[in-house]
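Only heavy atoms go into these numbers, but all of them, side chains included; no hydrogens, no water, no symmetry mates. None of the values given here were measured: they were computed from a predicted structure.
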Amino acid sequence: MNRIQKMAVFSLVVLGCTLLITAISTGLSYHYHGWPKAAKCFGLMSLGGLAGLSPLFIKKDSGAVACDERDKLITRTAGLIGFTASYLWFCLSGSAFIFFFEPEFLQKFVLVAIILGGAFVVVIVQSIIILVQYGRGGEKS
């Protein structure tokens, strides 16, 4: 497993744990204290920022070539697919939230959820695509 794959796995683990912690704390807070206090638990999504620290935690391979053409192609393809998924997230979720929620609720909660959700979508999709492409041998489908 090379450094790029390790960073992708690290990002998936960090974001998965962040989503799990946020969902559990929001659900429990909503159950015991109601929505105004539960909405504050969405601040825990900022823990997902730890995924950006993966280059600091995962050291470069010594002696080996750090990155070749195949690695560049895989990361470029994964980045393009990740940002395309994020664009789709912004379009679809923005439209859906406008139709289903009241304007006051949009200002307080939904806009933050859309923006953080877009950031999470980029990293999750990019990491999954990196792992899938390395699993296939980097072939384009």
> Which pair of heavy atoms, one from I58 and one from F10, lies closest together, and at what distance?
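Closest approach of I58 to F10, heavy atoms only: CD1-CB, 4.0 Å.
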
> If you round to the nearest 0.5 Å, how far is CZ of R70 from CG of N2?
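Nearest 0.5 Å value for the CG-CZ distance: 8.0 Å.
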
> If hydrophobic clusters are built by linking Ile, Leu, Val, Met, Phe, Trp and Tyr wherever their side-chain heavy atoms come under 4.5 Å apart, do V13 and I128 end up in the same one?
yes

> Under the side-chain contact (heavy atoms from CB on, under 4.5 Å) criterion, do F57 and K6 qualify, and how do the steps go?
CA-CA 10 Å; F57 295 135; K6 291 175 187 174; over 6 Å; no

> If every non-hydrogen atom of A85 is compared with every non-hydrogen atom of V125, which pair is closest and at what distance?
CB-CG2, 3.9 Å

> Would you kindly confirm whether L50 and M7 end up in one hydrophobic cluster when ILVMFWY residues are joined by side chain heavy atoms under 4.5 Å apart?
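Yes: a chain of side-chain contacts under 4.5 Å links L50 to M7.
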
> Hey, could you give me the OG1/CD1 distance between T26 and I21, rounded to the nearest 0.5 Å?
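It comes to 11.0 Å.
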
> State, to 0.1 Å, how close Q133 and T77 come at their nearest heavy-atom pair, and which atoms those are.
NE2-CG2, 3.7 Å

> Once you round to the nearest 0.5 Å, how far does OG1 of T75 lie from CD1 of I129?
13.0 Å

> According to a hydrophobic-cluster definition based on side-chain heavy atoms being under 4.5 Å apart (Ile, Leu, Val, Met, Phe, Trp, Tyr only), do L20 and F42 belong together?
no

> For the pair L19 and M45, evaluate side-chain contact (heavy atoms from CB on, under 4.5 Å) and give the outcome as yes or no after the intermediate values.
CA-CA 7 Å; L19 290 173; M45 289 181 77; 4.3 Å; yes

> Restricting to non-hydrogen atoms, name the atom on V122 and the atom on S86 that form the minimum distance, rounded to 0.1 Å.
CG2-CB, 3.2 Å

> Could you tell me the separation between the OG atom of S95 and the CD1 atom of I114, rounded to the nearest 0.5 Å?
9.0 Å

> According to a 4.5 Å side-chain heavy-atom criterion applied to Ile, Leu, Val, Met, Phe, Trp and Tyr, with indirect links allowed, do L47 and L116 form part of one hydrophobic cluster?
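Different clusters: L47 never reaches L116 through Ile, Leu, Val, Met, Phe, Trp or Tyr contacts under 4.5 Å.
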
> Got a second to check how far I124's CD1 is from L15's CG, nearest 0.5 Å?
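Rounded to the nearest 0.5 Å, the CD1-CG separation comes out at 5.0 Å.
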
> Quick check: are there more than 12 heavy atoms from other residues, nucleotides or ligands sitting under 6.0 Å from OH of Y30?
no

> So, for S54 and S11, which heavy atoms are closest and what is the spacing to 0.1 Å?
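Shortest heavy-atom contact: OG-OG, 4.5 Å.
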
> Only one of V132, I130, L131 clears side-chain contact (heavy atoms from CB on, under 4.5 Å) with Y134; which?
I130

> Please give me the minimum heavy-atom distance between S29 and C41, naming the atom from each residue.
CB-SG, 3.7 Å

> Could you go through I74 and I4, starting from their C-alpha distance and side-chain angles, then the distance that decides it, and tell me whether this counts as side-chain contact (heavy atoms from CB on, under 4.5 Å)?
CA-CA 10 Å; I74 288 173; I4 296 171; 5.8 Å; no

> Could you check whether atom CZ of F83 has more than 12 heavy atoms from other residues, nucleotides or ligands sitting under 6.0 Å from it?
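Counting neighbours around CZ of F83, 12 or fewer heavy atoms of other residues, nucleotides or ligands fall under 6.0 Å, so no.
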
> Just by distance, do the side chain of T22 and the backbone of T18 share a donor-acceptor pair under 3.5 Å?
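Present.
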
> Do W89 and L92 belong together in a cluster built from hydrophobic side chains that touch within less than 4.5 Å?
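No; tracing contacts between hydrophobic side chains, which count when under 4.5 Å, never links both residues.
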
